[in-house]
Amino acid sequence: MNSQIAVDQINEQGHLTIGGVDIVELAQKYGTPLVVYDVDQIRRQIRAFKKVFEEENMAYAVSYASKAFAAIAMYQVIAEEGAYTDVVSAGELFTAIKANFPMERVSFHGNNKSLTELEMAVKNHVGKIIIDNFHEIQLLAQVLKKYDATISVMLRIAPGISAHTHEYDQTGQIDSKFGFDLESGQAEKALKQVLANPRMKMLGIHAHIGSQIFALNGFEMGAQKLMVVAQDWREKYGYLAQVINVGGGFGIKYTQEDHPLRPEEFVKVIKTEAEKMNYPLPEIDIEPGRSIVGPAGYNLYTVGSRKDIPGYRSYITVDGGMGDNIRPALYQAKYETVLATDPQAPLTEHVRIAGKYCESGDILAEDQALPQVKAGDLLAMLDTGAYGYSMASNYNRNPRPAVVFAENGKAKLVIKRESLEDLVHLDQSYLN
Ligand code: LLP
């Protein structure tokens with residue numbers, strides 16, 4: 001059986017279960033395509049990160065990068081777990097507000113925050129603004145003056161390190177749209193501007209070096225760079241960083257080829273680097289997105305048409321595709337898929353799993369080993385919880401799927417399936 005499925009996830013009927021709920025029941029009740037999260041797995045991952053910091057006796061914040069999956073229910077779970085979150089848009093912030101997420105635990109990220117977004121952040125007293133560029137320093141100064149407010153800020157630097165598994169996931173290299181460049185002195189100039197503004201409380205320094213990272217040395221180098229910068233700023237400006245934020249990017253196991261590290265391994269190298277310096281150990285913040293929700297998410301599809309091309313391959317088509325998970329088409333991302341009603345069945349053929357969208361590139365899996373499947377069978381694609389629903393679209397005017405949270409044998413609808421009416425609700429007639 002697929003090693004990404006736990007033995008206790010198979011019930012007496014031989015069906016896959018998620019959060020103790022039978023996949024067949026989920027599909028019958030909510031329809032497919034369907035996104036299902038195992039909430040306990042989300043909680044366990046957050047707790048695993050927190051535990052390492054606590055065992056190491058470090059000041060820390062585990063800040064869930066909500067771009068990976070943002071929904072009211074998700075912010076509620078994050079809040080329940082005592083974690084922090086980061087948002088990158090008015091939309092994510094609004095959703096967090098709707099979830100009653102404690103605003104002091106929110107960081108606002110982004111390389112082009114608008115005046116409106118900054119106003120919203122200041123008015124709602126978000127915990128930290130992660131400043132990305134000079135334009136933002138100006139806008140924020142304007143907003144703080146207007147509201148006679150102060151706010152904690154951090155400076156995002158581009159550490160000149162790229163650790164990643166795919167080109168599109170690079171965010172740490174010098175030639176990047178994110179953060180202040182170190183070499184040219186931009187970061188230092190930004191520090192001076194922020195320190196000169198009494199309304200901005202300069203908490204510390206941030207860097208994010210990429211996503212789906214497996215190698216420890218990326219984090220080692222990233223943490224080292226941040227500490228070197230902190231040390232330099234201490235010597236030059238007497239500035240002492242209270243917080244060092246090393247970003248997210250912790251890799252997960254999508255397929256047998258992926259070998260992710262355990263949370264403690266990441267945290268320990270970061271701590272070691274921070275301690276190597278003759279510097280008071282700052283609070284260490286991390287921003288995991290994928291590693292918190294990725295492995296907890298499943299996309300359920302129903303098999304429809306099949307096309308066998310003699311001498312080539314067989315295509316089986318499901319009722320979803322690039323509209324609910326664009327990652328295979330966009331990043332050539334690989335996932336494992338199982339026959340949800342019998343994940344233990346012997347795998348007898350290799351097929352290409354195609355989506356239903358009008359685009360040749362709408363392929364969910366290039367080459368998946370499966371038992372013989374027929375129309376009406378239920379497939380579960382594993383580890384789809386990060387950047388699947390959050391990057392979903394209405395391409396071909398297909399409605400986005402429903403999202404269900406399952407835990408302790410109970411399922412709860414947390415995002416409704418879009419209806420056909422939903423698809424036209426913003427449209428306006430052109431006739432008179
Ligand atoms: N912090 C910052 C500043 C980030 O830019 C990101 C991701 C994270 C944290 C969370 O990274 P994670 O732990 O999830 O790897 N759409 C792409 C991923 C883009 C990641 C962008 N930034 C994908 O589907 O792979």
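For reference, positions follow the sequence shown, starting with 1. All values below come from the heavy atoms of this structure, side chains included, with hydrogens, waters and symmetry mates left out. First listed ligand is number 1; within each ligand, the first listed atom is number 1.
In H208, the part holding a heavy atom less than 4.0 Å from any atom of ligand 1 is the side chain. With a 4.0 Å cut-off on non-hydrogen atoms, F178 does not touch ligand 1 at all.
Any N or O atom pair closer than 3.5 Å counts here, and R156 shares no such pair with ligand 1. Residue-to-ligand polar distances keep H206 apart from ligand 1: every N/O pair is separated by 3.5 Å or more. Backbone and side-chain nitrogen or oxygen atoms of S291 are examined, and none is located within less than 3.5 angstrom of a nitrogen or oxygen of ligand 1. Between D86 and ligand 1, not a single N/O pair is under 3.5 Å apart.
In terms of heavy-atom proximity, K146 sits nearest to E119 at NZ-OE2, 2.9 Å. Of all heavy-atom pairs spanning E220 and V269, the tightest one is OE2-CG1, 3.8 Å.
Of the listed options G249, G251, A207, G294, G249 places a heavy atom closest to atom 11 (O) of ligand 1.
Those atoms of ligand 1 with a heavy atom of E287 less than 4.0 angstrom away are 1 (N), 2 (C), 3 (C), 8 (C), 9 (C), 10 (C), 13 (O). The A65 neighbourhood of ligand 1 comprises atoms 8 (C), 9 (C), 10 (C), with distances under 4.0 Å to a heavy atom of that residue. Ligand-side atoms of ligand 1 in range of G289: 12 (P), 13 (O), 14 (O), range being under 4.0 angstrom from any heavy atom. Of all the atoms in ligand 1, the ones that sit under 4.0 Å from a non-hydrogen atom of M391 are 16 (N), 24 (O). Residue contact check: S211 has heavy atoms under 4.0 Å from atoms 11 (O), 12 (P), 15 (O), 20 (C) of ligand 1. Heavy-atom proximity to R327, at under 4.0 Å, picks out these atoms of ligand 1: 23 (C), 24 (O), 25 (O).
A salt bridge is defined here as a Lys NZ or Arg NE, NH1 or NH2 lying under 4.0 Å from an Asp or Glu carboxylate O, and D377 with R306 fails to meet this definition.
Counted by atom type alone, Y335 and N299 present zero donor-acceptor pairs between their side chains at under 3.5 Å. In this structure, a donor-acceptor pair under 3.5 Å is present between the side chains of T32 and D319.
Judged as a side-chain hydrogen bond (donor to acceptor under 3.5 Å, both in side chains), and not counting sequence neighbours, the contacts of E188 are K236, Y237. Applying the side-chain hydrogen bond (donor to acceptor under 3.5 Å, both in side chains) rule to R47 yields the partners E81; only residues at least two apart in sequence or on another chain are considered.
Between F266 and F49, the gap from one ring centroid to the other reaches at least 6.0 Å.
Taking a 4.0 Å cut-off on heavy atoms, P288 registers as neighbouring ligand 1.
A 4.5 Å side-chain heavy-atom check between I131 and M200 finds at least one atom pair inside the cut-off.
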